[in-house]
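Naming: A, B, ... by sequence-line order, numbering from 1 per chain.
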Amino acid sequence: MEEKVAIIEALIFASETPLTAERVVEILPGTDKKEIVLLFGELVREYEQRGSGVCLREIAGGFQFRTRADLAPWIRKLKTGRPAMLSQAALETLAVVAYRQPLVKAEIDRIRGVDVSGALKGLLEKKLVRIVGRKDVPGKPIIYGTTRKFLEVFNLRDLSELPTLRELKDLQE
Amino acid sequence: MEEKVAIIEALIFASETPLTAERVVEILPGTDKKEIVLLFGELVREYEQRGSGVCLREIAGGFQFRTRADLAPWIRKLKTGRPAMLSQAALETLAVVAYRQPLVKAEIDRIRGVDVSGALKGLLEKKLVRIVGRKDVPGKPIIYGTTRKFLEVFNLRDLSELPTLRELKDLQE
Amino acid sequence: MSYEIKLDIFEGPLDLLLYLIRKNEIDIYNIPIALITAQYLAYLEMMRSLNLDLAGEYLVLASTLIHIKSKLLLPPDESEGEEEEGEDPRAELVQQLLEYQIFKEAALRLENRPLLERDVFTRGAPGEAPSAAEEEGEAMMEVGVFELVAAFRRIVAGFDRPEELEIDAEKMSLADRINEIMEMLSEKQQMTFVELIGDRTDRRRIIYTFLAILELMKLRMIRAYQSGPFGAIRLFLAVEG
């Protein structure tokens, strides 16, 4: 393995969050983003070809090692304690925020037909949703959006990777 | 790579502590310790031969992936300068300054109920808090306030965009 | 799925309504309102008899359903000229149901993704080469505005005086202006009131600028001088940064 690739592999491994090409360029002098992106791709293929139990995935705009999804039953046996699951209310609220962001709470209330205060607070505490700013209308309501952690938890490269929402007009056909 | 080795690789990767052969035997039915020890050895050699930036090391009776010792200078570069990472004490002190500014240290001490000297110093160094002036009372205590960088880090246009306690309470119900 | 199991897993009135529509295999664009209203009310009655918490939203939708039902029963009324010709009283509800259904599906698809800590896992071992602060034994966290206000709320939660709990938006604006003025003055050494106001001449800004100057003078953080009765007011920093 080329030394530069080995350094990048170690950096991705050591990083607490998905590692971006920009961050690698900052760390490795004399490299540029294009080169790093190519080396990321090389590493992704290498792990795939080896049939490794770990794979390199593009998440939240960066790269991160993750265990292969099909090995989950074994890993779950290793990790005692059940994974923290989101309630249905939390998932629906999160879906509305993810697809309609940036948006205010009243809009989420309207779509879900219930007061989403509790679910929203839980999502803020879990850092899946964040306060983006305030809307410039009377009362200055708080605007919400999803976080980088949302992308990490749901295994997404970026928001554009979200499955497209079925449109109202599609339903009406 | 043999499937069993891939599972072991993923297990070592996901484990919080060095993974012992005994633990693997518990997770993978139909294996014995001798076999697992051999497979550990196989994985160690594979990472070595690839010249990977990560190596599999025997630590405290188990196995754990580590970045290669000679790559430490790069890893240290990665770990410096992470944005907006605060300890609980720093966060609480910052919250008091943000919501009650301009104010003197004695006031922060009173509200937090502890001596905030250390936390305040850290916030000054991070340039999230600054000295605004001195109060014209005996002892001329220093008055603190937040900085422009504070607004940048927390993505606020101005301080009036800070959420109010009432808004947070409304979310809780 | 049986009634009993279904009862407490409705996510709200729209969810219950969608369930009834599916259960009766009804065309969502042509809801038999009388039937659905009767079933919906029967459900509410059952939830009440089981002492389940009935959120107000359920009752709001009940009254909407009854209202639609009454509209459909009435013969077309000439005096109700405001109603658009041929407008189906169910249209708005149908639209709302369809939109909700889309997000319910979206939530399901989110849940079916490979989820972190459920299907995929990142490196389990704690990071190596800890930063200086972590070596001091303090856990570091990434924080945002929510964490900031939550932290402040925790601190003042134990306070007796309720006024400590209130965050005054006006005080925030004032603090903003104080900070801005101190920053500008430490850059330029001296400025006039007019310069401090700048091009932005909205009333609020002028008032807060004025209040900020008064506050800073009271704290003896700045000094003001005027050259003659109608001359420009010049402001100086009273302390060295």
Side-chain angles (χ1 to χ4, degrees), chain B residues 10 12-18 64-67 72 75-76 78-80 82-92 94-96 98-102 111-113 122 130-136 140 143 145-148 153-156 158-169, chain C residues 120-134 136-159 164-180 182-183 215-216 218-222 237-241:
Chain B
I12 300 171
F13 173 80
S15 175
E16 282 162 37
T17 51
Q64 193 169 57
F65 286 115
R66 296 268 170 123
T67 54
I75 310 295
R76 273 198 292 273
L78 171 76
K79 300 276 171 168
T80 52
R82 275 179 298 168
M85 298 290 275
L86 293 173
S87 70
Q88 187 64 31
L91 175 68
E92 290 185 2
L94 184 59
V96 173
Y99 280 100
R100 285 283 178 269
Q101 64 185 304
I111 294 176
R112 282 205 52 221
R130 68 197 183 92
I131 293 169
V132 185
R134 279 180 187 277
K135 202 163 178 175
D136 200 15
K140 298 232 173 194
I143 301 165
T146 53
T147 59
R148 195 180 324 177
V153 166
F154 286 89
N155 211 21
L156 297 161
D158 51 45
L159 289 173
S160 65
E161 278 208 341
L162 276 174
T164 65
L165 290 184
R166 178 157 305 284
E167 281 166 328
L168 189 73
K169 200 159 162 262
Chain C
V120 294
F121 298 83
T122 55
R123 188 195 70 221
E128 304 163 67
S131 68
E134 279 164 334
E136 285 164 20
E138 274 191 286
M140 304 293 279
M141 54 190 167
E142 207 172 346
V143 295
V145 173
F146 175 77
E147 285 70 31
L148 195 70
V149 61
F152 188 60
R153 186 160 196 275
R154 261 197 319 276
I155 297 162
V156 298
F159 281 32
E164 293 274 13
L165 285 162
E166 291 306 318
I167 292 163
D168 192 345
E170 295 192 351
K171 190 180 172 194
M172 290 289 92
S173 298
L174 191 57
D176 263 325
R177 285 306 287 150
I178 288 174
N179 279 332
E180 279 175 41
M182 291 304 286
E183 230 157 61
E215 180 73 18
L216 286 167
K218 197 176 85 188
L219 295 170
R220 309 273 165 111
M221 278 146 63
I222 61 169
L237 274 186
V239 285
E240 298 303 314

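The nearest pair of heavy atoms linking C:M182 to B:V132 is CE-O, 2.7 Å.
Only the side chain of B:I143 comes within contact range of chain C, judged by heavy atoms closer than 4.5 Å. Contacts between B:T17 and chain C at a heavy-atom distance below 4.5 Å are absent for every atom of the residue. For B:R130, the part sitting under 4.5 Å from any heavy atom of chain C is the side chain, from C-beta outward, and nothing else.
The closest donor-acceptor contact from the side chain of B:E161 to the backbone of B:D158 lies at 3.5 Å or more, if one exists at all. Within the 3.5 Å criterion, the main-chain N or O of B:L159 finds a donor-acceptor partner in the side chain of C:D176.
Annotation: maximal heavy-atom pairing with chain B below 4.5 Å, among C:L148, C:I178, C:L216, occurs at C:L148. Chain C forms the most heavy-atom pairs under 4.5 Å with one residue out of B:S15, B:P18, B:G145, B:A10, and that residue is B:S15. Heavy-atom pairs under 4.5 Å with chain B were tallied for C:N179, C:T122, C:V145; the largest tally goes to C:N179.
Side-chain N/O atoms of B:T146 and B:Q101 include a donor and acceptor closer than 3.5 Å.
Considering only residues two or more places apart in sequence or on other chains, C:K218 meets the side-chain contact (heavy atoms from CB on, under 4.5 Å) condition with C:E215.
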